[in-house]
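Let me begin by presenting the structure, written as structure tokens, before commenting on it.
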Amino acid sequence: LTINHHSIKANDKARNKKGSMMWKGEKTPIVPVTVLTGFLGSGKTTLMNHILNDQSHGMKFAVIENEFGEVGIDENILSENVDEEVIEVMNGCICCTVRGDLVEALKRLYKRVESFNGIIIETTGLADPAPVIQTFFVDETLKNMYKLDSVITVVDAKYINTRLDEEKPEGVENEAVEQVVFADKLLLNKTDLVTDDAELKAIEGRLRKLNPQAQILRCEHSKVSPSELLNIGAFDLQRVLEFEPEFLDDPDAEHQHDERVVSVSSKIEGEVNIIMMERWIERLITEDGANLYRYKGIIAVKGKEEKFVFQGVGMMFSGNFEGSWKPNETRESRFVFIGKNLDTKFLKLGFESCRVTQELRFPVGTVVQANVGTWQPGKVIRQWDDGNAYRVQLDDENGTNVWAPIDIDAYVRSPN
């Protein structure tokens, strides 16, 4: 189990310039904590980025990210335009196996309390929020440092009914249900993917049956004003005790996860062929989409200076080039797939097979034949051009340029 600390220089400047001014001279401030939860792929990290990029709240945060697998993605997806302290709590669920790491991280963060005036905890999508909430009421030290301001649950309008209906093995809680029940506010996200308003109203009705007190806000792309989420004083322990009287009785009770659900992650140094990667992902989501709860990755593409960031839920995939690799940054690719009954070995091998490991067959200047429906003579004028293995100029009157995405004879071959 690891906690990775990322010191942000801008935070040091904030401490030097403002010092305790963030807390107006208070010696022992009680720091508000916002917990962002919601099932895998609901839009939590997108919401986090909206909050961090918004300047209207005037707050500076320490961010605690919890990821279920061994390889972190979310900290790299968080906006590069913000200067926040980011801590990752890795390789386990914050509600059970790495809960102790969360407590220690909170205690260490408090030593730097003058540099921020709020904490945001983003849980893994498989977390039951109850043990996280308990942490702030059963640990005497934390009670004097922090107050739980609110639990915000992001709900995926497209998939929430499927998640709520999912049958779990005996003794295993349905995390999606727990996330709704413990919410102080419910963000019904991705409403643009549900075109029937009657269906949205039915979803809202179902959510209200599970949690009558929580306000429901509809949104698209997790766009909600931070004023609706921060410093709202929404958490009410008495409300929780009314529907779960034994909530604080056994804080060390084990939380059981569905053992059919696994996290598969991989990290490789080097660059990948984006065409092969896209084909691999397309095949994967076509064959295993129903079992894929969440997948995301950051890819170093051969021939591109930008990072390729992809994510998806089920068969809904999206990916774009965003942000450039820094001059001294290691160009590495990483992914995380979380789902049910996944073939972990197959996933890792498939990902690693997309890596560019050999030099291309034809150097620049080589005379070749290019397949443009028929084989046409031409010359290689560039390797790894915009993610394609070759850029070839044909020997026609216009000097037409064509691209070969992969270095195989089906696209480009020797004329001999």
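Hydrogens, waters and symmetry mates are skipped; everything else that's a heavy atom, side chains included, is used.
- Scored by the salt bridge (Lys or Arg N to Asp or Glu O under 4.0 Å) test, R206 finds D165 as partners (sequence neighbours excluded).
- Annotation: side chain of Y293 is in contact with side chain of E166 (closest heavy-atom distance under 4.5 Å).
- With no hydrogens or angles considered, a side-chain donor-acceptor pair links T123 and T37 at under 3.5 Å.
- Residues that satisfy the salt bridge (Lys or Arg N to Asp or Glu O under 4.0 Å) test with R208, not counting sequence neighbours, are absent from this structure.
- Using a distance-only test at 3.5 Å, with no hydrogens or angles considered, no donor-acceptor pair links the side chain of N371 to the main chain of V412.
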- [ ] Check the pair Q369, Y411 against side-chain hydrogen bond (donor to acceptor under 3.5 Å, both in side chains), reporting the backbone distance first and the verdict last.
- [x] CA-CA 8 Å; Q369 290 183 336; Y411 292 104; over 6 Å; no
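- Between the side chains of R391 and Q383, not a single donor N or O lies within less than 3.5 Å of an accepting N or O.
- Not a single donor-acceptor pair under 3.5 Å links the side chain of N401 to the backbone N or O of Q393.
- Side-chain atoms of Y146 and L109, non-hydrogen and from C-beta on, do get closer than 4.5 Å to each other.
- Residues forming a ring pair (Phe, Tyr, Trp, His ring centres under 6.0 Å) with H57 (at least two apart in sequence, or on another chain): F61.
- Counted by atom type alone, E122 and T45 present one or more donor-acceptor pairs between their side chains at under 3.5 Å.
- Side chain of N320 to backbone of E322: no donor-acceptor contact under 3.5 angstrom is found.
- Here the rule is salt bridge (charged side-chain N to carboxylate O under 4.0 Å, His left out) with E271, and of K304, R355, K302 only K302 fits it.
- Contact between V224 and C219 at its shortest, heavy atoms only, is CG2-CB, 3.8 Å.
- Remark: the N398 side chain and the T400 side chain contain no N/O donor-acceptor pair separated by less than 3.5 Å.
- The heavy-atom pair separating A389 from D407 by the smallest distance is CB-N, 3.9 Å.
- Side-chain atoms of D184 and S150 include no donor-acceptor pair closer than 3.5 Å.
- For E352, the salt bridge (Lys or Arg N to Asp or Glu O under 4.0 Å) test picks out no residue, with sequence neighbours left out.
- Checking side-chain atoms of E173 against main-chain N and O of E178 turns up no donor-acceptor pair under 3.5 Å.
- Nearest heavy-atom pair, F136 versus K143, reported as atom, atom and distance to 0.1 Å: O-CG, 3.3 Å.
- Taking every heavy atom of both residues into account, T153 and G38 meet most closely at CG2-CA, 4.1 Å.
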Open item on the list: Assess the residue pair K107 and Y110 against the criterion (side chain to side chain contact (heavy atoms under 4.5 Å, CB included)); give the C-alpha distance rounded to whole Å, side-chain angles, the decisive distance to 0.1 Å, and a yes or no.
Closed with: CA-CA 5 Å; K107 290 178 179 178; Y110 197 80; 5.9 Å; no
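- In this structure, the side chains of N211 and R239 come closer than 4.5 Å at one or more pairs of heavy atoms.
- Looking only at distances, no side-chain donor or acceptor of D395 sits under 3.5 Å from a matching main-chain atom of Q376.
- Within the 4.5 Å cutoff, the side chain of L217 has no heavy atoms near those of the L186 side chain.
- The pair R382-D385 meets the salt-bridge criterion, with a side-chain N (NZ, NE, NH1 or NH2) lying under 4.0 Å from an Asp/Glu carboxylate O.
- Distance alone, capped at 3.5 Å, is enough to place a donor-acceptor pair between the H50 side chain and the H221 backbone.
- P32 places a side-chain heavy atom less than 4.5 Å from the side chain of N231.
- In this structure the side chain of N273 never reaches within 4.5 angstrom of the side chain of V301, judged on heavy atoms.
- Look at E332 and R334 and you find a salt bridge, because one of the NZ, NE, NH1 or NH2 atoms lies within 4.0 Å of a carboxylate O, short of that distance.
- S222 places a side-chain N or O within 3.5 Å of a backbone atom of G43 that can act as its donor or acceptor partner.
- Between D288 and K340, no side-chain nitrogen of the basic residue sits less than 4.0 Å from a carboxylate oxygen of the acidic one, so the salt-bridge criterion is not met.
- For the pair K307 and F321, the cation-pi criterion (under 6.0 Å, within 45° of the ring axis) is not fulfilled.
- When each of F351, F317, Y295, F346 is tested with F337 by the rule ring pair (Phe, Tyr, Trp, His ring centres under 6.0 Å), just one qualifies, namely Y295.
- When the shell of 6.0 Å around NZ of K223 is examined, it contains 12 or fewer heavy atoms from other residues, nucleotides or ligands.
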- [ ] Take V35 and I152, measure what side chain to side chain contact (heavy atoms under 4.5 Å, CB included) needs, and give me the verdict at the end.
- [x] CA-CA 6 Å; V35 175; I152 308 296; over 6 Å; no
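- Annotation: side chain of L52 is in contact with side chain of V63 (closest heavy-atom distance under 4.5 Å).
- Side-chain contact between I120 and M48 is present, with heavy atoms from C-beta onward closer than 4.5 Å.
- Here CZ of R163 is found 7.5 Å from CG of D156. Values are rounded to the nearest 0.5 Å.
- I381 and V364 make their closest contact through O-CG1, 3.8 Å (heavy atoms, listed as atom of the first residue, atom of the second, distance).
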- [ ] Please lay out, stage by stage, how Y390 and R361 fare under the test side chain to side chain contact (heavy atoms under 4.5 Å, CB included).
- [x] CA-CA 10 Å; Y390 296 108; R361 294 175 296 160; 3.9 Å; yes
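- In this structure, the side chain of S333 engages the main chain of A300 through a donor-acceptor pair within 3.5 Å.
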- [ ] List the steps and the verdict of side chain to side chain contact (heavy atoms under 4.5 Å, CB included) for L106 and R108.
- [x] CA-CA 5 Å; L106 287 166; R108 287 204 298 271; over 6 Å; no
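- Atom CD of Q215 has more than 12 neighbouring heavy atoms from other residues, nucleotides or ligands inside a 6.0 Å radius.
- Side-chain polar atoms of D139 and T135 form no donor-acceptor pair below 3.5 angstrom.
- L164 contributes atom CG, which lies 7.0 Å from atom CG of L207 (distance to the nearest 0.5 angstrom).
- Taking CZ from F310 and CE from M277, the interatomic distance works out to 6.0 Å, rounded to the nearest 0.5 Å.
- Scanning both residues, I64 and I119, for their nearest heavy atoms gives CD1-CG2, 4.4 Å.
- For E220, the CD atom is densely surrounded, since the number of other residues' heavy atoms within 6.0 Å is greater than 12.
- Under 4.0 Å is where a charged nitrogen must lie from a carboxylate oxygen, and between R218 and D197 at least one such pair does.
- The CG atom of L237 sits 10.0 Å away from the CD atom of E242 when rounded to the nearest 0.5 Å.
- To the nearest 0.5 Å, atom CG of residue L284 and atom CG of residue N291 are 10.5 Å apart.
- Under the salt bridge (Lys or Arg N to Asp or Glu O under 4.0 Å) criterion, K185 pairs with E228, sequence neighbours left out.
- Taking the ring pair (Phe, Tyr, Trp, His ring centres under 6.0 Å) definition, one finds that F137 meets it with F235, sequence neighbours left out.
- Counting only distance, with no hydrogens or angles, the side chain of N189 and the backbone of A157 share no donor-acceptor pair below 3.5 Å.
- For D149 (side chain) and I232 (main-chain N/O), a donor-acceptor pair under 3.5 Å exists by modelled atom type.
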